[in-house]
Amino acid sequence: MAKNLPVFVTGDRPTGKLHLGHLVGSLKKRVEMQNSGKYQSFIFIADMQALTDNAKNPEKIRKSVLEVALDYLSVGIDPEKSTIFIQSQVPELCELTVIYLNLVTVARLERNPTVKSEIKEKGFGESIPAGFLVYPVSQTADTTAFMANFIPTGEDQLPMTEQGREIVRSFNNIYGKVLVEAEPVLADSKDCYRLPGIDGKGKMSKSLGNAIYLSDDTQTVHDKVFDMYTDPEHIKVDMPGHVEGNVVFTYLDAFMKPEHIEKYLPNEGYKSLDDIKAHYRRGGLGDVKIKKFLFNILEEILSPIREKRKYYEAHIDEVIDILKKGCERARAVAQDTVKRVRSAMGIEYFSDDALINYYKTKFQQDD
Ligand code: TRP
């Protein structure tokens, strides 16, 4: 990894296995960036952040760390090209967090829209864990520790990257230009920003039980696709149907490529997804047919991921070794940043000749 390349940093909370929403929302983009060879990449498992709302459930987090690592490796995050590490194994991130905490106000944290909606969602009421409220600050430590220029991430993380840039500006204003402002990088298409769950009720998420996991087997994926919410008024094939809010079509928007039509729906006269949608709207196109189409597409995407996962599941020692090496590499970089941060702040007392001389002169003068 060439040292002068721009850096991207991103991570995921280990609260369970990763799903299709993660794949289109962020994993795909980071694999693409990794494989372009134009970046140094740091990709990490944010276990400390996961603990901010799971303090009483550490077992869940502990047991999910490896699951996420397996998901990373199986979607093509390559330890030869990216540094894969675990947040808690780089304690310098905690030090940076404490330093940055002085550069934000509680009011600003309370205004962060993502944190605000998460607080509601999680039902904290008046009992918001302090660590949870300030996780955007620790997230800024995660990225600045590696001098990130880019943060490939989901749309819901935009308020975090914005808050991070404010902290960087504030630090650089006070202590001199040490830190780098990072820009978020979103998925290429808006259709991929917020993939709904199979029930169509909200974003795909583990807690809502509406997710298709990257590690689901063929039968499970099949069952979930056939359970998908479509158009409740589309009772008979020849009746006109709605495409908006119809999860199958939302997924086709996110996953279908033109070549899939020729492969899985040949000889029907469709040239594009718009043709398929028009047919559904007109009537005459059944749910079973479009579900089968979507299932074939998802299987094409998921089977190589599954295959890779199988390899790593059978080689856990290798996975542990990848993580261990990644943590060491990440830590060395973060240590270097912390040194620069401390030095800019003037708290490296024992090597600060200017300060030592200041005292010497001061007391000699006072004599
Ligand atoms: N908040 C992210 C999530 O919910 C995880 C995360 C922690 C992260 N630190 C980060 C993402 C830094 C990007 C950059 O999964």
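When a ligand or atom number is given, it counts from 1 through the structure's own listing order.
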Provide the number and element of each atom of ligand 1 under 4.0 Å from a heavy atom of Ala46.
7 (C)
So which heavy atom in the protein is nearest atom 10 (C) of ligand 1, and how far is it from that ligand atom?
Gln139 CG, 3.2 Å
Could you tell me whether Glu155 and Lys203 have a side-chain N and a carboxylate O separated by less than 4.0 Å?
no
Between Glu67 and Arg309, does any side-chain N to carboxylate O distance fall below 4.0 Å?
yes
Salt-bridged, Asp71 to Lys17, with N to O below 4.0 Å?
no
One finds that the ligand 1 atoms under 4.0 Å from a non-hydrogen atom of Phe44 are 7 (C), 9 (N), 10 (C), 12 (C)
Using a strict threshold of under 4.0 Å (side-chain N to carboxylate O), is an ion pair present between Lys325 and Glu328?
no
Answer with side chain, backbone, both or neither: which part of Gln157 has a heavy atom less than 4.0 angstrom from an atom of ligand 1?
side chain
Do the charged groups of Lys310 and Glu313 touch, with an N to O distance under 4.0 Å?
no
Atoms of ligand 1 close to Asp12 [distance to a heavy atom under 4.0 angstrom, numbered from 1]:
15 (O)
Which residue and non-hydrogen atom of the protein lie closest to atom 15 (O) of ligand 1, and at what distance in Å?
Arg13 N, 3.3 Å
Which of the ligand 1 atoms, numbered from 1, are nearer than 4.0 Å to a heavy atom of Asp142
7 (C), 9 (N), 10 (C)
With heavy-atom distances below 4.0 Å as the criterion, list the atoms of ligand 1 near Ile151.
13 (C), 14 (C)
Got a salt bridge between Glu244 and Arg281, using NZ or NE/NH1/NH2 to carboxylate O under 4.0 Å?
yes
Nearest neighbour in protein (non-hydrogen) for atom 1 (N) of ligand 1:
Gln49 OE1, 2.7 Å
Run the numbers for me: atoms of ligand 1, each under 4.0 Å from some heavy atom of Thr143, listed by number.
12 (C), 14 (C)
Quick one: sort the Tyr270 and His279 rings into parallel, tilted or perpendicular, breaks at 30° and 60°.
tilted
